[in-house]
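For reference, the structure discussed in these notes is given below.
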Amino acid sequence: MLEIILFYIAATVALVSTILAMTRANAIHALIYLIVSLLAVAVIFYLIGAPFVAALEIVIYAGAIMVLFVFVIMMLNLGAKGDAREKTWMRPSVWVGPALLTIVLFAELLYVISSAEGPVSTGVVGAKQVGLSLFGPYVLAVEIASMLLLAGLVGSFHLGRRYLDRAPSSELGHQQEGE
């Protein structure tokens with residue numbers, strides 16, 4: 001019964017943080033909420049008996065892909081005006097929501113790990129099973145997803161460069177002085 005309650009808590013955190021990620025105007029704030037959402041999904045995977053998939057969720061999605069998104073945002077380099085605007089957005093009060101949701105997930109995960117029962121499911125999904133699934137019947141889906149991510153990265157780069165090419169030099173700050 002307790003595992004079901006923990007599942008619904010993690011699902012609620014994932015749902016709330018996803019909604020907050022979609023409604024944020026600032027891209028960095030949306031990314032922070034998206035990371036919390038991905039961590040909640042990792043907790044859900046752990047609860048249903050897939051600890052390896054939970055670890056993959058954290059390493060691949062909450063780690064690597066989020067770093068890629070931050071890299072793209074930094075690559076756009078909006079200049080001094082963007083830096084000043086972001087400093088006003090990054091007040092400590094902005095971190096309260098993601099911090100509270102992450103603390104709830106962390107407490108839940110500590111409780112599940114410290115309990116003798118372990119995950120809810122009796123079967124554990126191992127690394128070999130995940131690898132055989134990804135590179136067996138689902139290899140086409142994995143390759144399509146990787147191409148989609150690459151297309152998104154290239155598209156965001158070109159959209160950002162087009163914006164920088166049209167912006168007046170006063171908005172770009174010190175970027176064109178060294179060129």
Side-chain angles (χ1 to χ4, degrees), residues 1-75 89-90 92-153 156:
M1 180 66 183
L2 183 62
E3 290 85 11
I4 294 172
I5 293 171
L6 293 175
F7 174 83
Y8 282 117
I9 291 172
T12 303
V13 168
L15 185 65
V16 168
S17 59
T18 302
I19 290 171
L20 289 171
M22 291 187 304
T23 58
R24 300 299 98 183
N26 185 352
I28 297 294
H29 297 169
L31 283 176
I32 292 169
Y33 279 111
L34 187 58
I35 290 170
V36 172
S37 173
L38 293 171
L39 292 176
V41 171
V43 170
I44 290 171
F45 278 135
Y46 185 82
L47 286 172
I48 63 173
F52 182 71
V53 177
L56 286 177
E57 178 80 20
I58 292 172
V59 170
I60 293 172
Y61 289 107
I65 293 178
M66 290 301 111
V67 168
L68 182 67
F69 286 164
V70 170
F71 174 72
V72 169
I73 290 171
M74 289 171 48
M75 184 175 56
W89 286 342
M90 294 302 287
S93 62
V94 171
W95 292 87
V96 172
L100 288 176
L101 293 172
T102 305
I103 288 170
V104 168
L105 284 176
F106 187 67
E108 182 179 345
L109 190 61
L110 284 179
Y111 177 78
V112 169
I113 290 174
S114 66
S115 71
E117 299 170 11
V120 175
S121 175
T122 56
V124 176
V125 178
K128 184 176 181 179
Q129 291 170 321
V130 172
L132 288 174
S133 292
L134 287 179
F135 296 109
Y138 302 112
V139 69
L140 184 61
V142 170
E143 292 301 320
I144 289 172
S146 67
M147 293 304 289
L148 225 103
L149 288 171
L150 180 63
L153 177 64
S156 63

- prompt: F106 versus L39: any side-chain heavy-atom pair under 4.5 Å?
  reply: no
Heavy atoms of P98 and V36 approach each other most closely as O-CG2, 3.9 Å
Given the options I9, V13, L110, L105 meets side chain to side chain contact (heavy atoms under 4.5 Å, CB included) only with V13
Those residues at least two apart in sequence (or on a different chain) that pass side chain to side chain contact (heavy atoms under 4.5 Å, CB included) with Y8 are I4
(Q) Show, in sequence, the C-alpha distance, side-chain angles and deciding distance for Y61 and V41, and conclude whether the side chain to side chain contact (heavy atoms under 4.5 Å, CB included) test is met. (A) CA-CA 10 Å; Y61 289 107; V41 171; over 6 Å; no
Shortest non-hydrogen pair, A30 vs A21, comes out as CB-O, 3.3 Å
So CE of M22 and CG of L34: to nearest 0.5 Å the spacing works out to 10.0 Å
Note: L132 and P137 closest approach over all heavy atoms is O-CD, 3.8 Å
Mind checking whether V104 and L100 have side chains closer than 4.5 Å, heavy atoms only? no
Sorted by chain and number, sequence neighbours left out, side chain to side chain contact (heavy atoms under 4.5 Å, CB included) with F7 holds for I44, L47, I48
All heavy atoms of I58 vs all of A42, minimum pair found to be CG1-CB, 3.6 Å
| message | Could you check whether any side-chain N or O of S37 sits under 3.5 Å from a backbone N or O of Y33, counting only pairs where one atom can act as donor and the other as acceptor? | response | no
